[in-house]
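These values consider heavy atoms only, across backbone and side chains, with no hydrogens, waters or symmetry-generated copies. Residue numbering restarts at 1 for every chain, and letters A, B, ... go by the order of the sequence lines.
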Protein chains: 2
Amino acid sequence: MAAPRANMSYREIKQVVLDRIHNKIWAPDSLLPSETDLAEEFSSTRTTVNRALRELAEEGYLERKRKAGTRVLNAPIRKAQFAIPLIRDEISETGSEYRYALVERAVMPSPAWLSARMGIPHGRDVLHLRCMHYAGNTPFQYEVRWIVPDSIPGVLEADFSISGPNDWLVQKVPFTNLELSFLATKADQTVAEFLDTQTGDPIFTAERITWLRGQPVTLAKLFFAPGYRMTTHL
Amino acid sequence: MAAPRANMSYREIKQVVLDRIHNKIWAPDSLLPSETDLAEEFSSTRTTVNRALRELAEEGYLERKRKAGTRVLNAPIRKAQFAIPLIRDEISETGSEYRYALVERAVMPSPAWLSARMGIPHGRDVLHLRCMHYAGNTPFQYEVRWIVPDSIPGVLEADFSISGPNDWLVQKVPFTNLELSFLATKADQTVAEFLDTQTGDPIFTAERITWLRGQPVTLAKLFFAPGYRMTTHL
DNA sequence: AAGCTCATTATGTCTAGATATAAGGGCATT
DNA sequence: AATGCCCTTATATCTAGACATAATGAGCTT
């Protein structure tokens, strides 16, 4: 248990505050002393205390409001952080060779569900892609993607047979906004074939919609091979 | 596009730096000017520039090393943050009433797979719980949990028939370490029955292991009702 | 009782400058 | 060529103090 000393660093202050929260010295919902008071107690400065409390608030332990003060959250909203690496990196790190294949490319009018989901005019042409990502010879991910070409100059001319649309988009289009969902889906026949598994198998799936300055850019459905886990530590 | 002005706030500086990264003024892998230089350019101070760059590094855009300088990451490791609320809150927010039921409570020797997974001695007694969480009358989550009683005084006497083990643990045991995984599983007969769905249906599942000062505390498998999505925005 | 105004106060941010520390690069040694 | 030492430099953090801003709550008005 860190004991208050003189000249504590903001890290040490964070630890002391955390300890006090855990030991209920500062109970849930209760108000902490003001930064000024804490600075005095820790014989530090307000700037340093501010950083400690600010970070603890970001981590979900405290709630801070101007004038109202700093409060201990009763149910610390734990924030799990998942790193979303490029699939190429994710596969390379396992020691396997990353391989990519374009399955289908088509320009088609936006289907109704897509229009609704992304907020684009019904019937507008969209670019539809289906791709496979392999770790060595093992299927890793089956990707189904729609791209709204209007807002992305050059996308209709881009060559997606060598590398995936994500690579291209990351390079060309800095998105400003992203929605990411994880869910479990049932492998239909197509997915099962591509991922080399049985129809009906549970498939860990990610759905990703990105916008650029309010304009919808792309929606991707990423079907992971059976056994995939998205894991984080904290 | 934010243009550099005098007396910029750290937020404005962040925006300018981000713009420059997006516009490849500072290309991936390239080195940024030093904090001192940037402070001069933005007619700000090093402290302010430092905060801007530090936050951008936390967000995964930059990499900073003492003496080496600040570098643009070529593949911005996007970090998706998921808020992990208490299930009670998650259900209340939908407007439904949260209901809880204990399905089974047993003390048993740790099965081999659990011992291996959590690193506890084989055969050691563990507390096994199965619970249901409902949103109104609709099944929301089926929870299967193991608790290592050694490190948690009082857990064998705790009453889990009224409220769930998570509520109790959060109150009593401030964990120091957590592993959280998301995956897709296939509903077996038990899960299907409790979640009121068909055997074989894909089930979004979370696995959570927590430790207290290196000692394993609990493992929970959380099976969510069909249709569940874990969503985040950034 | 309800609504409004305003002073107070805690946090939010910035300035200017100092010290601490990690790590790259050069130089000398082996 | 490889190793080890040291100097330099860029970031990391701290100090002390200032002003900015949101929100509370007291006191006044309606």
Side-chain angles (χ1 to χ4, degrees), chain A residues 2-18 20-21 25-73 76-77, chain B residues 2-18 20-21 25-73 76-77:
Chain A
R5 310 188 330 261
N7 282 77
M8 298 175 70
S9 74
Y10 81 96
R11 286 167 192 280
E12 292 170 308
I13 293 178
K14 277 179 75 171
Q15 195 51 61
V16 172
V17 172
L18 257 186
R20 290 191 184 172
I21 293 173
I25 295 174
W26 290 326
D29 275 331
S30 67
L31 223 49
L32 263 63
S34 76
E35 292 183 348
T36 315
D37 293 351
L38 287 174
E40 190 178 351
E41 184 195 335
F42 298 137
S43 36
S44 176
T45 58
R46 200 168 79 81
T47 313
T48 302
V49 171
N50 177 278
R51 177 155 182 197
L53 297 186
R54 173 159 40 88
E55 291 196 359
L56 285 172
E58 270 165 24
E59 288 163 26
Y61 294 100
L62 301 173
E63 185 188 38
R64 322 193 71 205
K65 278 215 297 251
R66 267 168 167 141
K67 160 72 183 175
T70 302
R71 195 172 289 280
V72 179
L73 283 178
I77 301 165
Chain B
R5 308 189 331 261
N7 284 79
M8 298 174 70
S9 74
Y10 81 96
R11 286 166 193 279
E12 292 170 308
I13 294 178
K14 276 179 75 171
Q15 195 52 59
V16 172
V17 173
L18 257 186
R20 291 191 184 173
I21 293 173
I25 295 174
W26 290 326
D29 274 331
S30 68
L31 224 49
L32 264 62
S34 76
E35 292 183 348
T36 317
D37 293 352
L38 287 175
E40 191 179 349
E41 184 195 335
F42 297 139
S43 37
S44 176
T45 58
R46 203 170 78 79
T47 314
T48 302
V49 171
N50 177 277
R51 177 155 182 196
L53 296 186
R54 173 161 39 88
E55 292 196 358
L56 286 172
E58 269 165 25
E59 289 162 26
Y61 294 100
L62 302 172
E63 185 187 38
R64 322 194 71 205
K65 277 215 297 250
R66 269 168 165 138
K67 159 73 182 173
T70 301
R71 195 173 289 280
V72 180
L73 283 178
I77 300 165

### Task
Summarise protein proximity over nucleotides 14-21 of chain C in one line of letters, 5' to 3': B for base, S for sugar-phosphate only, - for none, counting protein heavy atoms closer than 4.0 Å.
SBBBB--B
### Task
Indicate yes or no: at least one non-hydrogen side-chain atom of Leu53(A) is less than 4.5 angstrom from one of Ile13(A).
no
### Query
Among residues 29-37 of chain B, which contact DNA chain D at a heavy-atom distance under 4.0 Å?
Ser34(B), Glu35(B)
#### Entry: Start and end of the DNA chain D segment that chain A contacts, any atom under 4.0 Å from a heavy atom
dT13(D) to dT24(D)
### Message
Between the side chains of Arg66(B) and Glu35(B), is the shortest nitrogen-to-carboxylate-oxygen separation below 4.0 Å, so that they form an ion pair?
### Response
no
### Task
Rounded off to whole Å, could you give me the CG-to-P distance for the Leu53(A) and dT11(C) pair?
7 Å
### Query
With side chains defined as the heavy atoms from C-beta onward, is the minimum distance between Tyr61(B) and Leu18(B) less than 4.5 Å?
yes
### Message
Please enumerate all residues that pass side-chain contact (heavy atoms from CB on, under 4.5 Å) together with Leu31(A), with sequence neighbours excluded.
### Response
Arg71(A)
### Query
Taking only residues two or more places apart in sequence or in another chain, which ones pass salt bridge (Lys or Arg N to Asp or Glu O under 4.0 Å) with Arg54(A)?
none
#### Entry: Atom-to-atom span, CG of Leu38(A) to C1' of dT11(C) - whole angstrom
12 Å
### Message
Measure CG/Leu56(A) against P/dT11(C) and give the value in whole Å, please.
### Response
13 Å
### Query
Mapping Asn50(A) and Ala68(A) onto DNA chain C by nearest heavy atom, which one lands closer to the 5' end?
Ala68(A)
### Qualifying residues under side-chain contact (heavy atoms from CB on, under 4.5 Å), relative to Thr36(B), sequence neighbours excluded
Ser34(B), Arg46(B)
### Message
Just to verify, what does Thr45(A) make a side-chain contact (heavy atoms from CB on, under 4.5 Å) with, not counting sequence neighbours?
### Response
Thr47(A), Thr48(A)
### Task
Measure from NZ on Lys65(B) to C1' on dG25(C) and round the result to the nearest Å.
15 Å
### Summary
With sequence neighbours left out, the residues meeting side chain to side chain donor-acceptor pair (under 3.5 Å) with Ser44(B) are none
### Message
Run the side chain to side chain donor-acceptor pair (under 3.5 Å) test against Glu58(A) and tell me which residues pass, sequence neighbours left out.
### Response
none
### Message
Using the side-chain contact (heavy atoms from CB on, under 4.5 Å) criterion, which residues pair with Ala68(B)? Sequence neighbours excluded.
### Response
Lys65(B)
### Message
Tell me whether Ser43(B) contacts the main-chain N or O of Glu40(B) through its side chain, where contact means a donor paired with an acceptor under 3.5 Å.
### Response
no
